[in-house]
Structures are given as C-alpha cells and as structure tokens.
2 protein chains.
Amino acid sequence: MRTVTIADVAKHAGVAVSTVSYVLSGKRTISATTRQRVLDSVRELGYHPNAGARALASKRAKVIALVLPLRAGMNLPVLMQFATSVVTTARQYDHDVLLMTADEGPDGLHRVAASALVDGLLLMDVEIHDPRVPLLRKLAEPSVLIGFPADPEGLTCVDLDFARAGALCAEHLADRGHREIALLGAPRVVYERGTGFAERTMAGFVEAARRHGLQADARPCEESFDEVYAAVKLLLDERPGLSGLVVHNEAAAGHVLGALRILGRRVPEDVSVVAICPDDIAERASPALTSVLIPAEDVGRQAVRLLMAKLEGQTVPESTLLEPRLTIRESSR
Amino acid sequence: MRTVTIADVAKHAGVAVSTVSYVLSGKRTISATTRQRVLDSVRELGYHPNAGARALASKRAKVIALVLPLRAGMNLPVLMQFATSVVTTARQYDHDVLLMTADEGPDGLHRVAASALVDGLLLMDVEIHDPRVPLLRKLAEPSVLIGFPADPEGLTCVDLDFARAGALCAEHLADRGHREIALLGAPRVVYERGTGFAERTMAGFVEAARRHGLQADARPCEESFDEVYAAVKLLLDERPGLSGLVVHNEAAAGHVLGALRILGRRVPEDVSVVAICPDDIAERASPALTSVLIPAEDVGRQAVRLLMAKLEGQTVPESTLLEPRLTIRESSR
DNA sequence: CCTTCGCGTCGAAGCGCTTCGATGGCCTGC
DNA sequence: GCAGGCCATCGAAGCGCTTCGACGCGAAGG
C-alpha cells in the first residue's frame, strides 16, 4: 500500500494538485462543490499530507520544541501538568511538540532551530543567568520562556506572579489578625541557582507583611523531614508569638504539618499554615492546606498561545504574569 | 542572514552538492582531502541540514514518537526518568523525540505515522486490551511497547520482569527464614484496568512463595494513609504469624511503615518490609526500604535501542524482560 | 600498449508540497 | 455588444535534500 500523496487526491477528485492544496489550506477561495469533492477524496483515500514536504515548501514545520529541565529534583507533578497542557494546547493549533532536555544546552536549541525542525521554542525553568538566553535573542525562531531571566528585554516570558503569591499569603494571614508570620521557602540551592521565582515570592511576602505592619521572617527550607523539623523548631523557639506560617516548598509542606504536630502546635488553632503548591498536594495533606496554587495548566496554555501569536507575526507582551489564586482550606483561620 | 543550504557548502568547498551529501552521510567513499575540505566549510558556514528536505528526500524524519500516559495518578518520577532516558538515548542515535499524549488515541498515532512526521513509535503504559495495538500491527512504521498487551504476537515489548521481581521479594524473605509473608499491591483499579504488570508481580510472588513452601497472601492496596492502615491492620489480625511484607505500590510504601509503627510492630525486628519501587523512594523512607527497583532508565534505553534496530531493518525479539535487582537496606532482615 | 576495473566525484532526477502568475469563463455596466 | 473585472482553477517553479547512474582517471592485468 503506497502512501497516498496529494497527486492521488487530485486525480481522484479530478482537479489540479494546487486546488487540493488550496482546499486544505483555505488560502484561496474554492467553490463549495469542488471543495466538497476534494474533501471526499481526502477522506476516501485516507490522505495525510507529508510533513516533510509541507515543511520544505511552506517553511513551517508545525512543530514546536518544548525544553524541559529533566534533571531530578524538579517539581514533577507541576512539570507533568505543564507538559500535558502544552501538548494539548499545541494540538489545538495543529502543532506537534518536540521534547528536548535542557542538557543539550544552547547547541541543541540552535540545532533544532537551524534545521527548521521546529518553528518555535518553549523553555521551562529559565534561570536568572541562563546561557540559552543570548542565543534565543539571536534566533530567527520565536520563543517563549517560563520564568524570568535577569533581563527579559526583547523576550517573551510567562510565569505565575510569585511576588503576588507571596503577598497574597501575607495578606490572608494579616486579614485573619495574625501579627507574627514567617515563610519557609525552597531549599537553599534553589536560591543559589537563581531561578528567581523563590526570591520573588519571598520579596512579595516580606513587602506585603511590612505594608500591613506584620512582623515577618523568611528563610530557605530543606526537604527532608529532619531538616524541616529542625527548621520549624528553630522558628518557634526564636519567635514564640508566631501564629502564621507560609510554606513555599511542596516537598516540605507535609513535613511542616508533621513537625508542628510533634511540637504540640495544633493547626489551625495555634498556627495557621498556608502553602504555595499544587492543589492536589494541598488537598491530600491533613489538615487540608489553605494554598496558593501554581497554575501549571494555565501557564502551559498561555505559553503556547503566545508562541502561536508570535508565529503569526503578532507582537505580544514581553511579560505575562499569571494571577495566583488562594484557596482557603482547613489549615488556616 | 539567509539560512545556509547544502548548495552554499558545496560552492564554498568547491565540490558538487552530492559530494557534500555523501561526506555527511558516509554512504559513499570520499577522499580524505575532499572530506576535510567539506567538513571545514560546514563548520565555517554553520551549516545544519534542513530537516524537512532531508525527510522528504530520504524518507526518514529522524524523529520518533514517544507516547506517554499523561493522565494523573501515574508514577511520575519513573515516568520522568523514562522520558529523559528515551530522549537522551534517541539523541545518541541522532534522532529527536516527538512528545504525544495517550489521549490522542489511535488516530493520533496514525496521523504522525501517515504524515511521516516520525519514523517509529514508542508507547508507554500499554494496557492488556489496548485499542492502539491493532493499529500498531498494521502500521508500516515500527514500534516498541513498554508493557505487554494480551497478545504480544508480532509486536516488540519491553518491560521489567515483574514476575521475577515478585519472586525475588519472596525468595529474599524465604532466605531470611520468614515463613508467612504477604504482598500489598497496586490499587484495585490498576488490576481492573488490566495493565498487566501488577498481576504478573503477584503471580511471581505467589509462585515463588509456594515453591519455597511459604504461606503467602497477595491483595490490592489503596493509596491513602487510612486505607493502607486498615489493610495492614486487617492483614496482621488475620495472620498473626506474618513476618514479611512486600509492597508493590510506591505511594503506599511510606504509609505501610507508618501503619506498622502505629500498630506496634518494629521494622525490621518484627516485620521485614520489601518494596518494589524507585530507589529514591526506598532511600527516603525511614527505615530505608529494601527494594526492587523499577529500572526506568534501562527500560527507556533498551526501548530506543530496539526501535533503532527495527528502523534499520533488523529483527528483534518480541519480548525483552529486564532483570530486576534487589537492594538490601534497613527494612528487612 | 590497450583493456578493465574501481575509486572519487559530478549532474540530474525526483521526494510531495506550497505558491505565484496565468487563464478562461461569466457577470456587470455602459 | 463589448471592455473590464472577478472568481475558480490550473500549471509550473521551486523548497533543500538524497540517490542513482555516469564519468574520468590512474592502476592493474593481459
């Protein structure tokens, strides 16, 4: 069974090859009767345009690259949701997704772009001083970044508004009358790596607390139970009046609850806890955590939309910050 | 800056286009001096072959599809390791990876295959009665499955040897002198979905226990703490002499330890626990779990190798089972 | 010395598609 | 009744690459 080409369709429908092409692309008007005849032939023969030929002729591969940081220690559920949402959204725009790992580095991006394998790039987990950023500026292919490098000038970046998320948590606690609050953040290495989002959360938190006249404290937090326990204990020792705790570290969130239980503090009676984490983690905790969710799906969808807009030559905002949403559950009052 | 084509390279090196092509593909002998001149030009001009043109002319896209079950509730770390290993291995064979979600179903596979977007397919998490299997048999493009459908005839399947893994656990416990053992498996839905690996583990476990004259018991196990606790309690009530427990459920593994602690059984003094799970989970538990690991990386690498072999027209075994390895840690004696 | 062979290279024919300019038929308006 | 215009369709020229057959030349063989 030889594969069906556009010429087969044309012959079957009794029209020229170009007519079939125009029916399929809609780039020229074709009479309703011809159009129907062609579409029938397409269906009957089971025609699928050859991707390579199309890419060659039209200079559009209809494929975008998704560059994921597939190193260990990522927030897997969020990453997965994000990837799923990117693939699904891309399909809605009739595009496919080429999966790449960050470890190919700038060369990998250059390769897929220069070979016209992909029309555009989506990079996740961009760091403050990301070696790929200068390349992206040079590339003819449009790109969208998840996260913010030091200088987003000339790029297109999407992210959750982490500063706002931090602030939202502080405000929530302020509204409930808490006067002394603290934030436990990501592991120290995350700050050192300079991904940016962790710092921005802290900054937003501290700023909002200050604005509301709260006494606030923010520090990194490791992920093992023992270290979380030690951190929580230290915090409570130093700040006996502490009654509100924000945890921006999904691995640690559960452990914080465990530590508080062991330390004899009830949640939420003695200490209110707010987490910045995916909903499923917040819901599964006990008590269920009041949380600000990381809207991975929104981010993915939005990123693809922006990329598609750029592919069509539209200009898009350099920076898109997604508004965080706080869901109140059992762990705060 | 127009993109560099093979014609540019040819002109720059003072040779014919076809010569450049042969230098790059190695399909005909080219004298060392010419070869070097061409390679120099390639480097100097920064030439990258156009993927579409190459695919069109050679009928090889140098892309494989990776179909992941991006629904929730998967074992994310394993899935990620697997995906990473697939991408990395594919790159070693100079191939790229197109990411697809299972929810496009058979039509999606047909689409990418018929459009020659990909040369081969890698499907993860194949189910016993998978609707995609009949299609794969028909497709001209080769494919490799992770997991086993009911009838693997004519397909190429790779998986951990789960039966062996179950047996290994039973044998480990038998060697240590345990006489009454049990296995807590995946949630009930997994068995109902019929992915196969869960059943095979159970079967291997039961068979090995029987062979060693042990009293054995195997049942599904849900993932929430409360349900795990109930299951463990029921088991201990029914089988007071139970001293060895195998857990094939990474979400439940930690909870089992918690439940045993609450029920006053020390691990490993009173009950030895063996898990079938990724190493990181086993190591993070306390006490660290003796475990049989799911070698996601091996599976990915092996799957890509098989696919590449098929792409080159070699015949490969229908079934490849990866030998499980047991790592002894603190939870068993 | 001439033929034969093989090595290294070239030229040209596609691969299947998009797109541009051309064409022919038909309607409109004066 | 005819010029002008528009609509629907066609034909052909590439897009950048691979690959096949051909060719020229020096070495080997008779």
Side-chain angles (χ1 to χ4, degrees), chain A residues 2-39 41-42 45-63 94 111-119 140, chain B residues 1-39 41-42 45-63 94 111-117 119 140:
Chain A
R2 220 186 82 275
T3 89
V4 182
T5 74
I6 196 172
D8 300 327
V9 176
K11 198 179 302 171
H12 187 270
V15 298
V17 162
S18 50
T19 304
V20 176
S21 178
Y22 285 124
V23 165
L24 262 21
S25 71
K27 294 194 178 176
R28 280 197 187 177
T29 51
I30 298 288
S31 70
T33 63
T34 311
R35 140 179 263 92
Q36 196 52 55
R37 202 141 36 86
V38 168
L39 291 178
S41 297
V42 165
L45 300 180
Y47 168 67
H48 285 264
N50 178 294
R54 164 185 290 183
L56 179 58
S58 70
K59 310 198 161 301
R60 289 225 159 283
K62 295 219 180 200
V63 177
D94 198 22
R111 181 179 62 82
V112 294
S115 67
L117 232 190
V118 304
D119 303 325
Chain B
M1 190 186 94
R2 220 185 83 274
T3 87
V4 182
T5 75
I6 195 172
D8 300 327
V9 176
K11 197 178 305 170
H12 188 271
V15 299
V17 162
S18 50
T19 303
V20 176
S21 178
Y22 285 124
V23 166
L24 263 21
S25 70
K27 295 196 177 174
R28 282 198 185 175
T29 50
I30 299 286
S31 70
T33 63
T34 310
R35 141 180 260 89
Q36 196 51 55
R37 202 141 36 86
V38 168
L39 291 178
S41 296
V42 164
L45 300 180
Y47 169 66
H48 286 264
N50 177 293
R54 164 185 290 184
L56 179 58
S58 70
K59 311 199 162 299
R60 290 224 159 285
K62 295 221 181 201
V63 176
D94 197 23
R111 181 178 62 81
V112 295
S115 66
L117 231 190
D119 302 326

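Note that this is a predicted model, so its numbers are computed, not measured. Basis for what follows: all heavy atoms, side chains included, without hydrogens, waters or symmetry-related copies. In the text below, chain A, chain B and the rest are named by the order of the sequence lines, each starting its count at 1.
The two residues B:Val17 and B:Ala7 make their nearest non-hydrogen contact at CG2-CA, 3.9 Å. Scanning all heavy atoms of the two residues, the minimum distance from A:Lys59 to A:Asp119 falls at O-OD1, 4.5 Å. Closest non-hydrogen pair, B:Val9 versus B:Val38, comes out as CG1-O, 4.3 Å. The two atoms that bring A:Leu24 and A:Tyr47 nearest to each other are CD2-CE2, 3.7 Å, heavy atoms only. Of all non-hydrogen atoms in B:Thr3 and B:Asp8, the two that sit nearest each other are O-OD2, 3.9 Å.
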Close N or O pairs between protein and nucleotides 13-16 of chain C (under 3.5 Å):
unit_1: C:dC15; atom_1: O3'; unit_2: B:Lys59; atom_2: NZ; d: 3.4

Shorter than 3.5 Å, N or O on both sides, protein versus nucleotides 22-26 of chain D: list them out with atom names.
none

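Counting to the nearest Å, the P atom of C:dT19 and the CZ atom of A:Arg60 are 10 Å from each other. Counting to the nearest Å, the C1' atom of C:dG6 and the CD1 atom of B:Ile30 are 14 Å from each other.
Listed by residue number, the members of residues 17-27 of chain B with any heavy atom below 4.0 angstrom from DNA chain C are B:Ser18, B:Thr19, B:Tyr22.
Note: B:Ser115 OG to A:Lys62 NZ = 11.5 Å, rounded to the nearest 0.5 Å. Note that CZ of A:Arg111 is 7.0 Å distant from CG of B:Asp94, once rounded to the nearest 0.5 Å. A:Ile30 contributes atom CD1, which lies 9.0 Å from atom OG of A:Ser21 (distance to the nearest 0.5 angstrom).
Checking side-chain atoms of A:Ser41 against main-chain N and O of A:Arg37 turns up a donor-acceptor pair under 3.5 Å.
The phosphate of C:dC7 (OP1 or OP2) has no side-chain N or O of B:Thr29 nearer than 4.0 angstrom.
B:Arg54 is not listed as a side-chain neighbour of B:Asn50, based on a closest heavy-atom distance of 4.5 Å or more.
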